[in-house]
Trainee: 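The structure is given below, and queries will be raised subsequently.
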Amino acid sequence: MQIYGVLIPKKEQISGYLKEFQQGKGGVLVYLSLVGLLVGGVGVGCIFMLGHGHTINTSSYVPWGLQISTYVFFALVSGGCIFTNFIGNMFFPHHYRSLASRVIFLGLITAIAGFASLASELGHVERMYMFLLSPNPTSPMFWMSVWYSADITILIIEYIHIQRRRHSKGMLYASFVIPVITYCSLGSLFGAVGTMPYYYSSLLPIYFLFSGFLTGNALCAIVAAQQSRRTGNQAAMKPFMRMQKIGLASVFVLTFCRIIVGLSSHQSGYEIFRETFFQNVVFGMLGALVGPFMILMYRRTSAALIFSSVLVLITQFLARLDLVVEGFRVPVFRVYDMPERISYFPSIFEMLVVVFSLSAVALIYIVCEKMGLFEIAETIKGGH
Amino acid sequence: MPSPEDTDILDIMRADLQRALKKPRQQRRWAMAIDLKKCIGCHACTTACMSENLTPPDIHYRPVKEEELGEYPNTGMRFLPRPCMQCDAPSCTQVCPVTATYKRDDGIVVIDYERCIGCRYCLVACPYGARSADVGHYYTGDFHTKTYEVENSGEYGKTSKRTSHWRSPIGNARKCHFCIHRIEKGELTRCSTTCLGSATIFGDINDPQALITKLINKSNVMKYKEELGTKPMVFYLT
Ligand code: SF4
Ligand code: SF4
């Protein structure tokens with residue numbers, strides 16, 4: 001199979017870009033993300049060298065923290081890219097087609113970046129092979145791993161198909177259905193935990209699907225807006241604006257339902273919904289969802305699309321952290337000097353894991369873009 | 001069979017234990033009863049458990065919760081020791097992706113330290129907060145660790161030493177296991193032998209003659225968070 005020019009840029013594209021890079025013409029974002037990757041890499045290295053006890057602020061009371069929420073964020077972004085690809089191909093083929101390979105590529109690298117963050121949280125990542133040797137089919141996490149692997153595999157195949165201009169409708173549907181199952185299993189990984197009121201909800205898998213769609217679409221929208229600026233084709237970013245509005249509205253409704261259901265329960269532990277009500281409404285709904293929606297309603301420029309998309313990505317990143325961490329705020333068993341409410345603030349090393357994952361995604365994407373890896377898809381004629 | 005009134009409660013439990021050990025493992029059903037009227041909140045069981053299992057800072061297999069009951073002026077105080085409930089329908093084993101934690105045929109929920117990937121899903125799923133993450137802390141700091149902090153505690157009959165963060169049990173989930181390493185040698189759980197108020201009764205509930213079986217079949221028995229459907233095997237006598 002052809003690797004250069006399909007999976008990775010052609011040899012001459014690589015050497016041409018490396019020359020520019022050495023001359024300091026690699027692009028500011030590339031140098032910045034390279035620095036981020038190195039600094040973040042030192043943080044990740046410290047976690048593995050020094051151990052969790054000295055580097056990470058999670059504990060028995062807050063077992064999951066920033067690294068898990070970062071994983072969830074990237075996994076959902078990845079899923080969102082795939083949904084964007086499906087909807088773009090089905091409903092806006094002419095505007096969307098030239099961006100397909102970029103979108104799938106982003107889906108692929110965000111899925112891998114998410115996994116990198118997850119790996120740094122596990123106490124014994126070197127035993128991951130246990131998923132094969134002693135699987136537990138009753139565990140949502142086991143199914144998550146199965147579907148996540150299938151998802152990455154299908155993404156690679158779809159990416160190769162697009163790059164080689166061998167489009168197939170079957171593959172398009174497969175690359176939609178498998179991620180739907182994958183991100184529903186991620187939702188059920190949280191939603192099925194009956195002992196955690198903040199997680200426990202049959203709405204959560206659907207909420208994950210739509211917030212994934214929203215965040216993935218926001219990332220693709222930034223790329224689309226950049227491409228529109230480059231080519232002067234403003235129409236190409238319209239589908240992304242429309243999809244982002246749909247995503248924002250759906251997540252708004254689901255967030256509202258989740259809060260209402262939580263508030264109406266009087267069982268022990270559900271007080272968390274009352275305690276987080278203000279932050280969920282003001283920041284989680286008005287700031288994170290209504291704000292970007294209004295921007296898109298009244299400004300239809302590429303700058304507005306980029307701004308609202310960045311806002312969506314930042315606020316949804318914080319929403320994932322809120323979802324994961326606030327679940328532990330009310331302790332299930334309080335004893336000795338444990339405070340009534342458990343608080344958690346990530347350590348510098350945990351933050352560096354985020355820097356590492358973000359920089360890796362930015363660096364790989366921008367470098368591949370600059371090397372012209374996706375140009376091949378822009379010459380595609382005809383639809384699926 | 002001597003009655004609890006004329007014989008030391010520990011001797012009765014030891015006799016029960018010996019009888020149980022003569023049966024094949026799958027015919028035993030280990031359980032614990034805690035008499036809340038007898039518990040004086042001395043925390044002797046907590047500290048004995050820590051020394052038995054050499055648990056690191058912030059990990060208590062058997063904490064004792066002090067609960068204030070009622071409202072002024074009708075108030076009272078109750079002490080509630082909380083080991084792992086060794087649930088019959090445990091939510092922890094159900095979620096473990098690699099079957100590192102599972103329920104043995106004698107009812108004890110165990111963790112295979114060599115299989116556990118340290119994902120902490122079981123900590124999230126346990127409604128009793130009975131599980132802890134061993135992240136590699138030492139009481140005496142990293143550079144002055146004493147032998148007792150790294151030594152093998154013999155948990156699960158294995159020889160795991162806490163010598164580096166790559167070595168189990170560091171990186172794993174940990175919890176109370178009814179002192180399997182002791183009971184299989186014919187010794188009672190450390191908490192029941194240390195209990196000053198003789199409030200902790202341990203034994204095989206498949207044995208109709210056992211003290212625990214007699215106690216849990218009375219009307220004053222409560223199971224903690226029973227409504228969650230976890231079927232706890234720790235019975236509180238009220
Ligand atoms: S108390 Fe928690 S850790 Fe123990 S068996 Fe029950 S669910 Fe599992
Ligand atoms: S921490 Fe270990 S025992 Fe607990 S669910 Fe994960 S792999 Fe299983």
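In what follows, chains are A, B, ... by sequence order, proteins preceding strands, each numbered from 1. Just so it is clear, the values below take in all heavy atoms, side chains as well, and ignore hydrogens, waters and symmetry mates.
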Trainee: Quick check on A:Tyr129 against chain B: is it the side chain, the backbone, both or neither that has a heavy atom closer than 4.5 Å?
Mentor: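 Interface part for A:Tyr129: neither.
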Trainee: Can you tell me which portion of B:Tyr121 sits under 4.5 Å from chain A's heavy atoms? Options are side chain, backbone, both or neither.
Mentor: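 Contact with chain A involves both backbone and side-chain atoms of B:Tyr121.
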Trainee: According to the interplanar angle, ranging from 0 to 90°, do the rings of B:Tyr224 and B:Tyr128 count as parallel (below 30°), tilted (30 to 60°) or perpendicular (above 60°)?
Mentor: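 The rings of B:Tyr224 and B:Tyr128 sit tilted, inter-plane angle from 30° to 60°.
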Trainee: Just give me the residue among A:Asn136, A:Val335, A:Leu122 that pairs up with chain B most often, heavy atom to heavy atom, under 4.5 Å.
Mentor: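 When all of A:Asn136, A:Val335, A:Leu122 are compared, A:Asn136 has the most.
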Trainee: Examine whether an atom of B:Glu114 lies under 4.5 Å from a heavy atom of chain A, and if so say whether it belongs to the side chain, the backbone or both; otherwise answer neither.
Mentor: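 Both backbone and side chain.
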Trainee: Report the option among A:Pro140, A:Ser59, A:Gly123, A:Pro331 that has the most heavy-atom pairs separated by less than 4.5 Å from atoms of chain B.
Mentor: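 Answer, by heavy-atom pair count under 4.5 Å with chain B: A:Gly123.
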Trainee: Heavy-atom distances under 4.5 Å only: say whether B:Ile170 touches chain A with side chain, backbone, both or neither.
Mentor: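 Only the backbone of B:Ile170 comes within 4.5 Å of chain A.
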Trainee: Are the aromatic ring centres of A:Tyr183 and A:Phe208 under 6.0 angstrom apart?
Mentor: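 Not under 6.0 Å, so no.
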Trainee: Based on non-hydrogen pairs under 4.5 Å, which of A:Glu121, A:Met128, A:Met49 is most in contact with chain B?
Mentor: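 Most heavy-atom pairs within the cutoff with chain B belong to A:Met49.
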Trainee: For chain B, which of A:Leu50, A:Val125, A:Ile68, A:Ile56 has the most heavy-atom pairs under 4.5 Å?
Mentor: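 Counting heavy-atom pairs under 4.5 Å, the top option is A:Leu50.
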Trainee: Would the distance check show the side chain of B:Thr99 and the main-chain N or O of A:Pro135 forming a donor-acceptor pair, the cut-off being under 3.5 Å?
Mentor: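 Answer holds: yes.
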Trainee: Any side-chain donor-acceptor pair under 3.5 Å between A:Thr58 and B:Arg120?
Mentor: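 Yes, B:Arg120 and A:Thr58 have a side-chain donor paired with an acceptor closer than 3.5 Å.
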Trainee: Under 4.5 Å heavy-atom distance to chain B, tell me which part of A:Met196 shows up: side chain, backbone, both or neither.
Mentor: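 A:Met196 touches chain B through side-chain heavy atoms alone.
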Trainee: Output the option from A:Arg127, A:Met130, A:His54, A:Glu126 having the highest count of non-hydrogen pairs under 4.5 Å with chain B.
Mentor: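 With the most close heavy-atom pairs to chain B, the winner is A:Arg127.
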Trainee: Which bit of A:Leu189 is near chain B, if near means a heavy-atom gap under 4.5 Å: side chain, backbone, both or neither?
Mentor: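 It is both, since atoms from each part get that close.
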Trainee: May I ask you to check whether A:Tyr71 and A:Phe115 place their ring centres under 6.0 Å from each other?
Mentor: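 That pair fails the under 6.0 Å test.
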Trainee: Report the option among A:Leu132, A:Val332, A:Val193 that has the most heavy-atom pairs separated by less than 4.5 Å from atoms of chain B.
Mentor: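 Winner by heavy-atom pair count: A:Val332.
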Trainee: Report which part of B:Thr46 has an atom under 4.5 Å of a heavy atom belonging to chain A: side chain, backbone, both, or neither.
Mentor: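 Only the side chain of B:Thr46 comes within 4.5 Å of chain A.
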Trainee: Run the salt-bridge test on B:Glu184 and B:Arg104 with the 4.0 Å N-O cut-off and return the result as yes or no.
Mentor: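 Salt bridge: yes.
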Trainee: So that I know where these two stand, are B:His177 and B:Tyr61 an aromatic pair - ring centroids less than 6.0 Å apart?
Mentor: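 B:His177 vs B:Tyr61: aromatic centres under 6.0 Å.
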Trainee: Kindly say whether the aromatic ring centers of A:Phe190 and A:Trp64 come within a distance under 6.0 Å.
Mentor: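 Between A:Trp64 and A:Phe190, which both carry aromatic rings, the centre distance is below 6.0 Å.
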Trainee: Under the ring pair (Phe, Tyr, Trp, His ring centres under 6.0 Å) rule, what pairs show up with a residue in residues 67-112 of chain B, not counting sequence neighbours?
Mentor: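 Passing the test, one end in residues 67-112 of chain B: no pairs.
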Trainee: Taking side chain as everything from C-beta outward and backbone as N, CA, C, O, which of these in B:Ser168 sits under 4.5 Å from a heavy atom of chain A? Side chain, backbone, both or neither.
Mentor: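 Both parts, heavy atoms under 4.5 Å.
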Trainee: Could you tell me which portion of A:Met338 (side chain, backbone, both or neither) has an atom closer than 4.5 angstrom to a non-hydrogen atom of chain B?
Mentor: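 No part of A:Met338 comes within 4.5 Å of chain B.
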